[in-house]
Amino acid sequence: MAEDFSSERALFGGAIVSTFPIRFQDVSNIRQVPDHQEVFVDPSRDESLIFELLDFKHDVEDNGSAVWFLQDLATEQDAEGSVVIEQSGVIEAPGLCYANIPSVVTTAVGQMAISKGRQGREAQNIVRVYLANLRLKAVGTDVLICAYEPILINPLSESASSVGSGLATPASQSGCMPMPEVFKLALSSFKVCDWSIFGANS
């Protein structure tokens with residue numbers, strides 16, 4: 001069984017790094033990705049990992065911020081039946097301290113029915129979403145790390161042609177690192193190498 005090797009990947013031109021399995025391919029090699037996002041996919045499993053830099057949301061409390069972003073994501077993707085499975089409290093992130101101002105992290109796990117691209121609701125897949133919100137207060141940035149894991153693939157979804165429809169094959173059966181582990185690894189290894197990406201004086 002193939003080992004699921006991970007390596008440190010440069011994000012946003014090397015200003016940020018994070019470690020995750022090499023089976024995740026950089027989508028920007030295939031299509032255009034917005035400048036504030038880095039998107040990686042494993043097409044063979046229809047799993048994806050997205051890093052996003054957003055302006056800091058001052059009206060969102062630290063506690064429960066990951067859930068707020070998860071619900072915002074569900075609205076944006078016209079998801080149905082969105083549920084929050086678990087959420088963390090506020091954790092300080094000493095490794096992401098800038099100008100002596102600490103950053104904090106909250107995480108949430110949700111499940112929702114979403115369709116791919118422009119496909120309609122009749123083609124929705126049931127997906128588990130792992131979301132971390134890293135609040136870099138010193139530089140006014142909310143970072144989102146989102147991992148998408150399909151649970152049930154709709155036969156009408158375009159994903160069905162590449163991964164098959166029905167219940168998704170568990171990662172352990174495919175010799176792959178399970179998505180919760182991929183998510184934890186990407187989050188725990190997330191590091192800012194060049195704070196000037198946020199307009200800060202490095």
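- No option in D142, I16, L144 other than I16 meets the side-chain contact (heavy atoms from CB on, under 4.5 Å) test with L53.
- For the pair Y98 and V139, the tightest heavy-atom approach, listed with the atom from each and the gap, is CD2-CG1, 3.9 Å.
- Residue L70 holds its CG atom at 4.5 Å from CE of M112, rounded to the nearest 0.5 Å.
- A continuous path of ILVMFWY side-chain contacts below 4.5 Å connects V27 to L73, so both sit in one hydrophobic cluster.
- For K57 and D72, the salt-bridge test fails: no basic side-chain N is under 4.0 Å from an acidic carboxylate O.
- Using a cutoff of 4.0 Å between basic side-chain nitrogens and carboxylate oxygens, D42 and R23 are scored as salt-bridged.
- Within the model, atoms CZ of R135 and OG of S65 stand 4.5 Å from one another, a figure rounded to the nearest 0.5 Å.
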query = Does the side chain to side chain contact (heavy atoms under 4.5 Å, CB included) test come out yes or no for L54 and H36, once each step is laid out?
reply = CA-CA 7 Å; L54 301 170; H36 68 289; 4.0 Å; yes
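- Between the side chain of S18 and the backbone N or O of A186 there is at least one donor-acceptor pair closer than 3.5 Å.
- Annotation: F51 is in aromatic contact with F20 [ring centroid separation under 6.0 Å].
- The OG atom of S115 lies 8.5 Å from the CD atom of E80; values are rounded to the nearest 0.5 Å.
- Looking at V17 and C193, their side chains come closer than 4.5 Å, going by heavy atoms from C-beta outward.
- L96 and L185 end up in the same hydrophobic cluster when Ile, Leu, Val, Met, Phe, Trp and Tyr side chains are linked at under 4.5 Å.
- For the pair G64 and T106, the tightest heavy-atom approach, listed with the atom from each and the gap, is N-CG2, 4.5 Å.
- Linking Ile, Leu, Val, Met, Phe, Trp and Tyr residues whenever their side-chain heavy atoms come within less than 4.5 Å leaves I126 and V109 in two separate clusters.
- One distance of note links OG of S159 with CZ of R45; it measures 12.5 Å at 0.5 Å rounding.
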task = Show your working on side chain to side chain contact (heavy atoms under 4.5 Å, CB included) between F190 and L134 and close with a plain yes or no.
result = CA-CA 10 Å; F190 183 92; L134 295 78; 3.6 Å; yes
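- The two atoms that bring A113 and Q124 nearest to each other are O-NE2, 3.3 Å, heavy atoms only.
- Taking every heavy atom of both residues into account, A168 and P150 meet most closely at CB-O, 3.2 Å.
- A donor and an acceptor atom, one from each side chain of S174 and T169, are nowhere located under 3.5 Å apart.
- Listed for the T141 side chain is no donor-acceptor partner under 3.5 Å among the backbone atoms of F56.
- At a threshold of 4.5 Å between non-hydrogen side-chain atoms, the residues I85 and R128 count as touching.
- Put simply, the side chain of L131 does not reach to within 4.5 Å of the side chain of T107, judged on heavy atoms.
- Considering only heavy atoms from C-beta on, F198 comes within 4.5 Å of V192 through its side chain.
- For the atom pair E181 CD and C176 SG, the distance stands at 13.0 Å (nearest 0.5 Å).
- Rounding to the nearest 0.5 Å gives a distance of 11.0 Å between CD of E52 and CG of N133.
- Considering only heavy atoms from C-beta on, V127 stays 4.5 Å or farther from I151 through its side chain.
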When the side chains of residues 8-15 are checked against the rest of the protein, which donor-acceptor pairs come out under 3.5 Å, sequence neighbours left out?
from, atom 1, to, atom 2, distance (Å)
R9, NH1, P21, O, 3.1
R9, NH2, F24, O, 2.4

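- The backbone N or O of T19 sits less than 3.5 Å from a side-chain atom of S189, completing a donor-acceptor pair.
- Atom CG of N29 has more than 12 heavy atoms from other residues, nucleotides or ligands within 6.0 Å.
- Nearest heavy-atom pair, V41 versus P43, reported as atom, atom and distance to 0.1 Å: O-CD, 3.4 Å.
- Following chains of ILVMFWY side-chain contacts shorter than 4.5 Å, one cannot reach V67 starting from V104, and the two form parts of different hydrophobic clusters.
- Side-chain heavy atoms closer than 4.5 Å link hydrophobic residues (I, L, V, M, F, W, Y) into clusters, and following such links, even through other members, never connects I145 to V90.
- A donor-acceptor contact under 3.5 angstrom links the side chains of Y130 and E149, judged on distance only.
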